[in-house]
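Single-structure report; data block below.
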Amino acid sequence: MNVAILTVGDELLAGDTENTNATWLARRLTERGATVRRILTVPDDEGVIAEAVREWSDAYSAVVVTGGLGGTHDDLTMDGVATAFGRSLVVNEEARADVLETVAAFREANPDLAEAYDLEIDADAQSSIPEGSRPLLNPAGLSPGCVTENVYVLPGIPDEMRAMFELVAEEFDGDGVSETLFTPAPEGAVTKQLAEVRDRFDVAVGSYPARGDVHNRIKVSGRDAEAVRAAVAWLRDRVELVENGETGEK
């Protein structure tokens with residue numbers, strides 16, 4: 001299963017917010033055996049979002065979009081997804097009921113805050129999703145997500161995104177497998193072995209220099225579990241390895 005990740009937000013492009021969502025999603029999808037083929041960050045621009053969603057929906061098994069949900073002027077992700085598929089935004093009654101319930105619970109739990117500030121929540125705007133989409137209720141926040149065709153729309157707030165992804169995690173799978181090895185050898189000392197193991201076993205091999213007190217990493221990946229196991233066994237006989245990535249140095 002080939003997946004693309006699209007993160008939306010001017011604040012990501014400006015560096016005001018660290019894009020932890022992309023890293024978390026890529027790791028989680030890979031754990032499930034899916035293969036992440038693209039990661040892109042785009043601004044809060046309906047046309048740009050629509051163009052990326054339209055292109056990637058055709059090119060990949062699934063597209064995961066995060067960010068740009070809510071009721072403010074720059075929350076344009078739902079608009080962009082609707083435009084990509086030529087659909088209208090419509091109020092989803094299930095999502096609307098959940099939004100109202102969440103707002104009521106917040107007011108009850110925070111009476112002083114609710115009294116001090118005029119919380120203007122447009123339930124219709126919050127619960128509008130592309131027509132014909134499957135709503136994804138937000139278990140950790142307010143704004144719902146949705147599934148439109150093969151496009152999964154999730155919130156940008158990390159806790160909310162992670163909680164909502166778990167609602168659909170079982171829908172992502174694949175036959176991708178990988179194993180990570182650790183070596184104290186410098187990257188330049190294993191270049192020949194890494195090139196040869198790729199040719200011998202039809203696997204992908206990544207070499208990642210150490211950071212801080214962690215040894216260099218070698219990651220062997222592929223779609224054939226037996227080929228990955230054979231490649232790892234071959235490397236164990238030819239590359240100095242350690243069982244734990246930590247060097248013990250501080």
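What's counted below: heavy atoms across the whole structure, side chains too, no hydrogens, waters or symmetry copies.
The aromatic rings of Phe172 and Tyr152 lie tilted to each other, with the angle between the two planes from 30° to 60°.
A salt bridge links Arg236 with Glu243: the closest approach of a Lys/Arg side-chain nitrogen to an acidic carboxylate oxygen falls below 4.0 angstrom. A salt bridge links Glu149 with Arg87; the closest basic N to acidic carboxylate O contact falls under 4.0 Å. The existence of a salt bridge linking Glu51 and Arg54 is excluded, since no basic side-chain nitrogen approaches an acidic carboxylate oxygen closer than 4.0 Å.
Summarising the local packing, CG of Asp224 is surrounded by more than 12 heavy atoms from other residues, nucleotides or ligands at distances under 6.0 Å. Other residues, nucleotides and ligands place no more than 12 heavy atoms under 6.0 Å from the CD atom of Glu101. For Arg32, the CZ atom is densely surrounded, since the number of other residues' heavy atoms within 6.0 Å is greater than 12.
Residues Gln126 and Arg96 are not in side-chain contact: their nearest non-hydrogen atoms beyond the backbone lie 4.5 Å or more apart. Proximity of Asp44 to Glu11: side-chain heavy atoms (C-beta onward) are separated by under 4.5 Å at one or more points. In this structure, the side chains of Thr66 and Ile5 stay at 4.5 Å or more apart for every pair of heavy atoms.
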Which donor-acceptor pairs under 3.5 Å do the side chains of residues 199-208 make with protein atoms, sequence neighbours left out?
| residue | atom | partner | partner atom | Å |
| --- | --- | --- | --- | --- |
| Arg200 | NE | Glu196 | OE2 | 2.8 |
| Arg200 | NH2 | Glu196 | OE2 | 3.1 |
| Ser207 | OG | Glu187 | OE2 | 2.9 |

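Across every non-hydrogen atom of Pro43 and Val8, the tightest pair is O-CG1, 3.8 Å. When all heavy atoms of Thr180 and Lys219 are compared, the closest pair comes out as OG1-CG, 3.9 Å. When all heavy atoms are compared, the tightest approach of Ser128 to Val91 is OG-CG2, 3.7 Å. When all heavy atoms are compared, the tightest approach of Val177 to Ala225 is CG2-CA, 3.7 Å. The two residues Val220 and Ala231 have their closest heavy-atom pair at CG1-CB, 4.0 Å. Here the closest heavy-atom approach between residue Ala52 and residue Leu40 is recorded as CB-CD2, 4.5 Å.
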Side chain to side chain contact (heavy atoms under 4.5 Å, CB included) between Glu166 and Arg162, intermediate numbers included: CA-CA 6 Å; Glu166 296 306 329; Arg162 296 178 185 187; 5.8 Å; no
Residue pair Asn138, Ser143: steps toward the side-chain hydrogen bond (donor to acceptor under 3.5 Å, both in side chains) verdict: CA-CA 6 Å; Asn138 194 328; Ser143 299; 5.7 Å; no
Candidate pair Phe85 and Ser133, rule side chain to side chain contact (heavy atoms under 4.5 Å, CB included), full reasoning: CA-CA 11 Å; Phe85 290 102; Ser133 300; over 6 Å; no
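Cluster membership for Val147 and Phe165, using ILVMFWY side-chain heavy atoms within less than 4.5 angstrom, is shared. In the hydrophobic clustering of this structure, Leu142 does not group with Leu137; members are Ile, Leu, Val, Met, Phe, Trp, Tyr whose side-chain heavy atoms approach within less than 4.5 Å, directly or through other members. Under a hydrophobic-cluster definition in which Ile, Leu, Val, Met, Phe, Trp and Tyr are linked whenever side-chain heavy atoms come within less than 4.5 Å, directly or via other members, Ile157 and Leu154 are assigned to different clusters. Val153 and Leu167 sit in two unconnected hydrophobic clusters of ILVMFWY residues. Membership requires side-chain heavy atoms under 4.5 Å apart, directly or through other members. Both Ile218 and Val232 belong to a single network of hydrophobic side chains, linked directly or stepwise wherever heavy atoms of I, L, V, M, F, W or Y lie under 4.5 Å apart.
Interatomic distance, OG1 of Thr148 versus CD1 of Ile129, reported as 6.5 Å (0.5 Å rounding). For the atom pair OG1 (Thr72) and CG (Leu69), the distance works out to 10.0 Å, reported to the nearest 0.5 Å. Here the CG-CZ distance, from Asn2 to Arg37, works out to 4.5 Å after rounding to the nearest 0.5 Å. To the nearest 0.5 Å, the span separating CG on Asp173 from CG on Leu29 amounts to 11.0 Å. The CG atom of Asn21 lies 14.5 Å from the CZ atom of Arg28; values are rounded to the nearest 0.5 Å. The CD atom of Glu171 lies 8.0 Å from the CE atom of Met1; values are rounded to the nearest 0.5 Å.
The only option from Thr7, Val53, Ile49 that meets the side-chain contact (heavy atoms from CB on, under 4.5 Å) definition with Val42 turns out to be Ile49. Shown are Thr77, Asp79, Val81; of these, the side-chain contact (heavy atoms from CB on, under 4.5 Å) with Glu46 is made only by Asp79. When Thr102, Val99, Asp98 are each tested for a side-chain contact (heavy atoms from CB on, under 4.5 Å) with Pro144, only one passes: Val99. Among Val3, Leu6, Val64, the one residue that satisfies the side-chain contact (heavy atoms from CB on, under 4.5 Å) test with Trp56 is Leu6.
Using modelled atom types and a 3.5 Å distance limit, the side chains of Ser178 and Ser221 yield no donor-acceptor pair. Side chains of Asn216 and Thr183: a donor-acceptor N/O pair is absent below 3.5 angstrom, by distance only.
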